[in-house]
Peer 1: 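Would you mind keeping the following structure in view while I ask a few things?
Read the numbers this way: they start at 1 and go in the same order the structure lists the ligands and their atoms.
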Amino acid sequence: MIRHPKRILVTGGAGFLGSHLCDRLIREGHEVLCLDNFFTGAKNNIRHLLGLPNFELIRHDVVHPIFLEVDEIYNLACPASPIHYQYNPVKTVKTSVMGAIHMLGLAKRVRAKILQASTSEVYGNPNIHPQPEAYWGNVNTIGPRSCYDEGKRCAETLFFDYYRQNKVNIRVVRIFNTYGPRMDPNDGRVVSNFIVQALTGEEITVYGDGTQTRSFCYVDDLIEGLIRMMDGPDAFPGPLNLGNPSEFSILELAEKIVGFTGSRSRIVFKPLPQDDPLQRRPDITLARERLKWEPTTQVEDGLKKTIAYFREVLRGN
Ligand code: NAD
Ligand code: UDP
């Protein structure tokens, strides 16, 4: 237990990353306010925390203002999987932009420190590889992914405007593909899709020819990075890349998952979605230097833990 517990708001706290963050903050003895509208999050992710004296669940949509007294805010509210953020693209933009305005307004009023969960998508389909924070990106403004990418880019702009204009104490992290237990089995992201397909014997759907690359970070490593950034020096607002620099192709990922699950599923090829980035790998030099942070979970170990989780979910536990 720490000596000076803080009151911490986690928006999107019932989602995949948010629920792990709530767990970690509760373990450290803080008071956690978990705010969520349950668009992609689930009560199940935080059920074990309900009833704890230092945990509070607030059903709320960040497109509307809210008044709370808090010391820190982690702003994670936003659907992250392409299927979900493209379901209602106008709402996705509102969530990123109005959500950022409302949370920054709150931070300004109560003088809270605030961290924004931004994304590697701000780099779009990058023509610099790996991507350092100084790279401005290559983003389509009018495509099917734009609601997410541009919403997150505008949120970054708002964070830095509130920082310069109102002296709000901000942190901006750009999260690269992260995976682990509590991913929604139906949210269409590649790790959950492939594992569920492999465990149920369905065909494994590789989009395109599978040569596009991603770099996958295990959730525990990512949460450690978020907390180090929040606790890091005020003079370093970011933006900061957080992700695992070990990069491989989507076809290699499919083969690994088939191997680890012992599945007999066939790998099949489907059309590549529009604007799907061809390569992505974080340059994490800054995180290493400033936060002494780097991922410690090997992808084999992370995938095995995630597979074990999905086996339980599919058994109905
Ligand atoms: P997730 O979909 O599991 O979690 C998002 C949470 O936000 C859900 O609980 C959802 O119900 C909630 N939410 C959505 N719209 C809301 C609204 N208008 N008001 C209140 N709550 C709302 O996704 P995740 O993977 O946990 O992502 C969390 C954050 O991290 C997101 O902001 C996402 O953009 C960012 N991020 C995640 C990844 C990743 O690989 N997981 C990569 C880059 C960035
Ligand atoms: N992908 C795939 N099969 C799937 C789901 C995704 O081949 O069933 C591919 C997708 O086209 C992309 C990569 O895997 O190239 C990562 O997709 P995801 O939606 O997980 O994340 P993002 O594209 O946002 O990085």
Peer 1: Run the salt-bridge test on Lys152 and Asp149 with the 4.0 Å N-O cut-off and return the result as yes or no.
Peer 2: no

Peer 1: Does any N or O of ligand 1 fall below 3.5 Å from an N or O anywhere on Val62, backbone included?
Peer 2: yes

Peer 1: Is any N or O atom of Arg189, backbone or side chain, closer than 3.5 Å to an N or O atom of ligand 1?
Peer 2: yes

Peer 1: Does Ser118, backbone or side chain, put an N or O under 3.5 Å from an N or O of ligand 1?
Peer 2: no

Peer 1: Using 4.0 Å as the upper bound for N to carboxylate O, is an ion pair formed by Arg171 and Asp231?
Peer 2: no

Peer 1: Report the nearest protein non-hydrogen atom to atom 22 (C) of ligand 1: residue, atom name, distance rounded to 0.1 Å.
Peer 2: Asn37 OD1, 3.0 Å

Peer 1: Identify, by atom number and element, the atoms of ligand 1 in contact range of Asp61, meaning under 4.0 Å from any of its heavy atoms.
Peer 2: 17 (C), 18 (N), 19 (N)

Peer 1: Below 4.0 Å from any atom of ligand 2, which residues have a heavy atom? Give them in chain and number order, please.
Peer 2: Pro82, Glu121, Arg145, Asn177, Gly188, Arg189, Val190, Asn193, Phe194, Thr205, Val206, Tyr207, Gln212, Arg214, Ile250, Pro273, Asp276, Arg280

Peer 1: Does the distance from a Lys or Arg side-chain N to an Asp or Glu carboxylate O, for Glu224 and Arg228, drop under 4.0 Å?
Peer 2: yes

Peer 1: To which protein heavy atom is atom 40 (O) of ligand 1 closest, and what is the distance rounded to 0.1 Å?
Peer 2: Thr178 N, 2.8 Å

Peer 1: Please identify which atoms of ligand 1 are closer than 4.0 Å to at least one heavy atom of Gly12.
Peer 2: 6 (C), 7 (O), 9 (O), 12 (C)

Peer 1: Below 30° counts as parallel, above 60° as perpendicular, anything between as tilted: where do the rings of Tyr85 and Tyr148 land?
Peer 2: parallel

Peer 1: List in chain and number order the residues that pass salt bridge (Lys or Arg N to Asp or Glu O under 4.0 Å) with Arg47, two or more places apart in sequence or in another chain; answer none if no residue qualifies.
Peer 2: none

Peer 1: Does any N/O atom on Gly41 come nearer than 3.5 Å to any N/O atom on ligand 1?
Peer 2: yes

Peer 1: May I ask you to identify the nearest protein heavy atom to atom 10 (C) of ligand 1, giving residue, atom name and distance to one decimal place in Å?
Peer 2: Thr40 OG1, 3.1 Å

Peer 1: Show me which atoms of ligand 1 lie under 4.0 Å from any heavy atom of Phe38.
Peer 2: 11 (O)

Peer 1: Which of these, Arg174, Gln131, His129, sits in a side-chain hydrogen bond (donor to acceptor under 3.5 Å, both in side chains) with Tyr123?
Peer 2: Arg174

Peer 1: Does Thr95 reach ligand 1 with a nitrogen or oxygen that is under 3.5 Å from one of the ligand's nitrogen or oxygen atoms?
Peer 2: yes

Peer 1: Are any of the N/O atoms on Ser120, whether in the backbone or the side chain, positioned under 3.5 angstrom from an N/O atom of ligand 1?
Peer 2: no

Peer 1: Pull out every atom of ligand 1 sitting under 4.0 Å from any heavy atom of Asn177, numbered as shown with elements.
Peer 2: 40 (O)

Peer 1: Are Glu252 and Lys256 close enough for a salt bridge, meaning some N to O gap below 4.0 Å?
Peer 2: no

Peer 1: May I ask you to decide whether Asp283 forms a salt bridge with Arg288, counting only side-chain N to carboxylate O separations under 4.0 Å?
Peer 2: no

Peer 1: Within ligand 1, which atoms have a heavy atom of Ala117 less than 4.0 Å away?
Peer 2: 30 (O), 32 (O)

Peer 1: Are Glu31 and Lys6 ion-paired here, with the side-chain N under 4.0 Å from a carboxylate O?
Peer 2: no

Peer 1: Below 4.0 Å from ligand 1: does a non-hydrogen atom of Lys94 turn up there or not?
Peer 2: no

Peer 1: Taking Glu156 first and then Arg153, would you say they form a salt bridge - that is, a charged N and a carboxylate O separated by under 4.0 Å?
Peer 2: no

Peer 1: Suppose I only count heavy atoms of Lys152 and a 4.0 Å limit; which atoms of ligand 1 are within that range?
Peer 2: 31 (C), 32 (O), 33 (C), 34 (O)

Peer 1: If the contact criterion is a heavy-atom separation under 4.0 Å, does His60 count as touching ligand 1?
Peer 2: yes

Peer 1: Salt bridge or not between Lys270 and Glu203? Use side-chain N to carboxylate O under 4.0 Å.
Peer 2: no

Peer 1: Could you tell me whether some N/O pair between Leu17 and ligand 1 is separated by less than 3.5 angstrom?
Peer 2: yes

Peer 1: Strictly below 4.0 Å, N to O, side chains only: are Asp234 and Lys167 in salt-bridge contact?
Peer 2: no

Peer 1: Counting heavy atoms only, name the option from Tyr148, Tyr85, Phe16 that's nearest to atom 35 (C) of ligand 1.
Peer 2: Tyr148

Peer 1: Please work out whether the ring planes of Phe248 and Phe216 are parallel, tilted or perpendicular, with thresholds of 30° and 60°.
Peer 2: tilted

Peer 1: Does a donor on one side chain and an acceptor on the other come within less than 3.5 Å for Glu247 and Thr213?
Peer 2: yes

Peer 1: Taking CZ in Arg109 as the centre, count heavy atoms belonging to other residues, nucleotides or ligands within less than 6.0 Å. Is the count above 12?
Peer 2: yes

Peer 1: Starting from atom 43 (C) of ligand 1, what is the nearest protein heavy atom, named by residue and atom, and what distance separates them?
Peer 2: Ile175 O, 3.0 Å

Peer 1: Output, in order, the C-alpha distance, side-chain angles, deciding distance and verdict of side-chain contact (heavy atoms from CB on, under 4.5 Å) for Cys22 and Phe55.
Peer 2: CA-CA 9 Å; Cys22 289; Phe55 183 79; 4.2 Å; yes

Peer 1: Below 3.5 angstrom, do we get any N/O pair linking Phe39 and ligand 1?
Peer 2: yes

Peer 1: When you compare the side chain of Asp61 with that of Lys91, does any pair of heavy atoms fall below 4.5 Å?
Peer 2: yes

Peer 1: Please list, in number order, the atoms of ligand 1 under 4.0 Å from a heavy atom of Ala77.
Peer 2: 7 (O), 20 (C), 21 (N), 22 (C)

Peer 1: Any carboxylate oxygen within less than 4.0 angstrom of a Lys/Arg side-chain nitrogen, looking at Glu72 and Arg7?
Peer 2: no

Peer 1: Within less than 4.0 angstrom of ligand 1, does Met183 place any heavy atom?
Peer 2: no

Peer 1: I'd like to know if Gly99 contacts ligand 1, where contact means a heavy-atom distance under 4.0 Å to any ligand atom.
Peer 2: no

Peer 1: Can you report which non-hydrogen protein atom sits closest to atom 14 (C) of ligand 1, along with the distance?
Peer 2: Cys78 N, 3.6 Å

Peer 1: Any nitrogen or oxygen of Gly15 lying under 3.5 Å from a nitrogen or oxygen in ligand 1? Just yes or no.
Peer 2: yes

Peer 1: Knowing that exactly one of Asp23, Asn45, Thr306 qualifies, which makes a side-chain hydrogen bond (donor to acceptor under 3.5 Å, both in side chains) with Arg182?
Peer 2: Asp23

